[in-house]
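Encoded as structure tokens, the structure appears first; notes follow it.
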Amino acid sequence: MLDKIYDPKQIEKEIYELWENSGYFNPDNLPVPGKTTVGEPNKKGKANKTKTYVIYMPLPNVTGSLHMGHALDNTLPDILIRYLRMGGVRTLWLAGTDHAGIATQYVVEKELKKEGRTRFELGREKFIERVWEWKNKYGNIILDQLKKLGISADWSRTRFTMDPSYSQDVQKAFTHYYKKGWLYRGNRTVNWCPRCSTSLSELELEYKNEKTTLFYMKYEPFTLATVRPETKFGDTALAVNPNDERYKSYIGKTLNIESLSTEGSLDKPSLTTINLKIVGDDAVDPAFGTGVVKVTPAHDITDFEIAERHKLPMVQVIDHRGRMNEQAGKYNGMKIAEAREKVIQDLRALGLMAKEEPYEHRVATCYRCGSTIEPLPSKQWFLKMTELAKNSIEAVDKKKIKIHPKRFEKPYFEWLKNIRDWTVSRQIWWGHRLPVYYCVCGKCDHATVATEPPKTKCPKCSCKEYKQDEDVLDTWFSSALWPFAGLSEIDIKNYYPGDLVSNAREILNLWDARMIFSGLEFKGKIPFNDVLIHGTILTKDGKRMSKSKGTGIDPLNYINQYGADATRFAVTWQASGQDIRWDEAAVIAGRKFTNKIWNASRFVLEKIKTVDVTIQDTVKPKTAADKKILEELQNTKKIVGKNIEKFEFSKALHELYDFFWHSFCDQYLEEAKKQLVADNTDSTTQKLLLQTLTESITMLHPFLPFITEAIYQKIPNAENKLLMVKTW
RNA sequence: GGGCGUUUAGCUCAGUGGUAGAGCGUUGCAUUCACAUUGCAAAGGCCGCAGGUUCAAUCCCUGCAACGCCCACCA
């Protein structure tokens, strides 16, 4: 018999153990292979024929703990996969964690900072040891938390993106691309901290408002505005907006412009003539300054991108220490601020300064030391995207892969059509080291791409010794391989390609698009059929939930207080497809619903106690109420199944809620009470109560797995089975 | 700046070319007999604003406004 009060905490723990011990999370242990019709079969009917269904979990980073986004990310696929498993499908939900290069390095460095140390003091090897310690300690936190949510992933196959076999696949992918001629080295302007002597990612930048001066310099026939006159020696073009009527006629011309010379003595500024081409580029805002900008590709990221588009040369005038270099002639060796001051004076003296006005703007500073960051050119590895992007476009364009909802196809196509080559190298320590070797002599820069240090002499300089590239690969380079690098060879035969990924929209391009072309490139097949994009969970005020802003909510709070089922209920109840303004009331509604289910079950089990009925009994309805509830049950079953298969989980749950609470509890149970005291010699009412209850909790199981399983275990003659593998 | 989305009951959201729905909240009544984490009932909405299409618009179209998200950027 069921306890009077439903205690989720205790029961959820027991039930989860029951499931794990059954081994059914692993598809290899599942009883009967069956069929699936999920996600509308492809033309070839792949989904119809398949006996497996594979979902790729969005890899949680090893940096953090659970938030509502993860709860949503994982509850929805869990509904689907439980539904299918109950349909006899061999379901594999592949779980894993991502080393998340920059993000993880960042948190470990913050740890170090608390100890007053830096990664440079530790050195690369020791530092990486520290990151591994972190990973081993916190790496599976989210996965453990997901278990509390009831997630039925196959934990026996859990992978980490830096597992040895995974690393091998990463290296193979790199060498593969290299052999195809798609990898090349080139310059790219990056964010550089002159004080820490390192490049910084977007994550490591802190923006500060800076009060400065906007200088209007004469570049006859133009005047143009800049806050950084000292970089003028690195100018390689001038740019205007192509639609700017004032300057349209200049586009494409090269002008001789009178300018400040870097020659001569510092005491006596002098003039020289420079040649600058005028280019038209949309990046130029005609409303800013005079609508003409100088293009300094080596020292400005936007300018670098303009230069790329127009194939402009790059002249570096500032070095890695933040000082002017020999290209700056007589200003060589000056610090940036010093040089700026001197250049301003010289421009004024020569009458080249048209106007100066106060100006406030945002500057990027180093999160560690607060220094203003200095965009500088550096050598990076690039992956040519032309072919790869084309393949990803085609996969969706030809409907081999469907993105739900369809409107997300647009940003997907836009991104891929305008894609630039992918910078795959990162100047950090934590990650997959590039399988690239250079000879130690330092005389030649010949790069050998290989998974091991080459044993032969360098073809250029005959040098015998090599050192590996210091850089690591972009995290997405490895997570792009997840659908197959996460599988063993035998698993690839059985389970690749898979079926579904479900994630938030911001990684549609970063991750989904890259998994698609990687799957096609390395396995010759699309990795999945469906991409399910769900809404973002916002706060009740409609702001983004974010840990750093303190607006994030940990679902464990709800799980502990109201139970995992109530939490899953709340997430699913609200997941209509739009962004969700999180409403805690939904969790309470979920708690009430589980309570309702519990008590209705207690009632039914109490009423059948005295008679001999089992769930195998077939029942002929006698009264109008009997007929009605059976009809509604069948109808609900149809609607719920259909909606789950269309990924309309929220609708399915609303339907179930309505049926169970109102049709079953409010109406039929009340009728049943009357019927039970009236003539009922053949136990029809008892049988119907039991049947409806059993079928209800079966349908509810994918949504509220714990409580339904707990009840099922108490139902007489439940065939000794688990509800998780009971067929619908 | 580009893209996308939202605007319906006090709150969070469904929904349909033909008198408007749910959950929570509110109010009233009920209640030893599954559940007060309950039941029954009620109140509460010019379905953002302005045009248009239509016999008929909350729904389709155009414009406007507000809010939000994603991406890019601020010389």
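For clarity, every value in this text was computed on a predicted model and none was experimentally measured. Basis for what follows: all heavy atoms, side chains included, without hydrogens, waters or symmetry-related copies.
Atom-to-atom, CH2 of A:Trp573 to P of B:C11 comes out at 19 Å; the value is rounded to the nearest Å. If you take CZ of A:Arg505 and C1' of B:C69, they are 5 Å apart, rounded to a whole angstrom. In this structure, CZ of A:Phe593 is placed 12 Å from P of B:G23, rounded to the nearest angstrom. Between A:Asp583 atom CG and B:C24 atom P the separation is 11 Å, expressed in whole Å.
Here the CG-NE2 distance, from A:Asn643 to A:His654, works out to 11.5 Å after rounding to the nearest 0.5 Å. Atoms CD and CD1, on A:Gln713 and A:Ile11 in that order, are 11.5 Å from each other to the nearest 0.5 Å.
In this structure, the side chains of A:Leu688 and A:Tyr668 come closer than 4.5 Å at one or more pairs of heavy atoms.
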Seminar exercise, completed: Read 5' to 3' with Watson-Crick or G-U pairs under 3.5 Å, [ ] for crossing pairs and | for partners on another strand, RNA chain B gives (((((((..((((....[..)))).(((((.......))))).....(((((..]....))))))))))))....

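If you take atom P in B:G39 and the same atom in B:G23, they sit 10 Å apart, rounded to whole Å. The C1' atoms of B:A20 and B:G44 are separated by 13 Å, rounded to the nearest whole Å. Taking atom C1' on both nucleotides, B:G17 is separated from B:C59 by 7 Å, rounded to a whole Å. The gap from the C1' atom of B:G3 to that of B:G25 amounts to 38 Å, rounded to the nearest Å. For the C1' atoms, the distance linking B:C55 with B:A43 amounts to 35 Å, nearest Å. Straight-line distance between the C1' atoms of B:A66 and B:C49: roughly 10 Å, to the nearest whole Å. When the C1' atom is compared between B:U62 and B:U19, the two are found 28 Å apart, to the nearest whole Å. B:G5 and B:C24 have their C1' atoms separated by 25 Å, with the value rounded to a whole Å.
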Exercise. A:Gln380 and A:Thr423: side-chain hydrogen bond (donor to acceptor under 3.5 Å, both in side chains), yes or no, with the steps?
Worked result: CA-CA 7 Å; A:Gln380 304 288 344; A:Thr423 316; over 6 Å; no

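Side-chain atoms of A:Gln691 and A:Glu695 form a donor-acceptor pair, as typed in the model, at a separation below 3.5 Å. Between the side chains of A:Lys607 and A:Thr685, no donor N or O sits under 3.5 Å from an acceptor N or O.
Distances shown here put every side-chain N or O of A:Arg591 at or beyond 4.0 Å from the OP1 or OP2 atom of B:U37. The phosphate of B:G5 (OP1 or OP2) has no side-chain N or O of A:Lys406 nearer than 4.0 angstrom.
Checking B:G23, B:U12, B:A34 against the side-chain heavy atoms of A:Gln574 singles out B:U12 as nearest. Taking the side chain of A:Arg581 as heavy atoms from C-beta on, and the options B:C67, B:C70, B:G5, the nearest nucleotide is B:C67.
Figure legend: A:Lys294 and A:Phe222 shown without cation-pi pairing, the cationic atom not lying both under 6.0 angstrom from the six-membered ring centre and within 45 degrees of its axis.
When each of A:Lys410 and A:Lys607 is assigned the nucleotide of RNA chain B bearing its nearest heavy atom, the one mapping closer to the 5' terminus is A:Lys410. Comparing A:Asp666 and A:Lys651 against RNA chain B, the residue whose closest nucleotide sits nearer the 5' end is A:Lys651.
Looking at heavy-atom distances under 4.0 Å, A:Ala589 makes contact with sugar-phosphate atoms alone, never a base.
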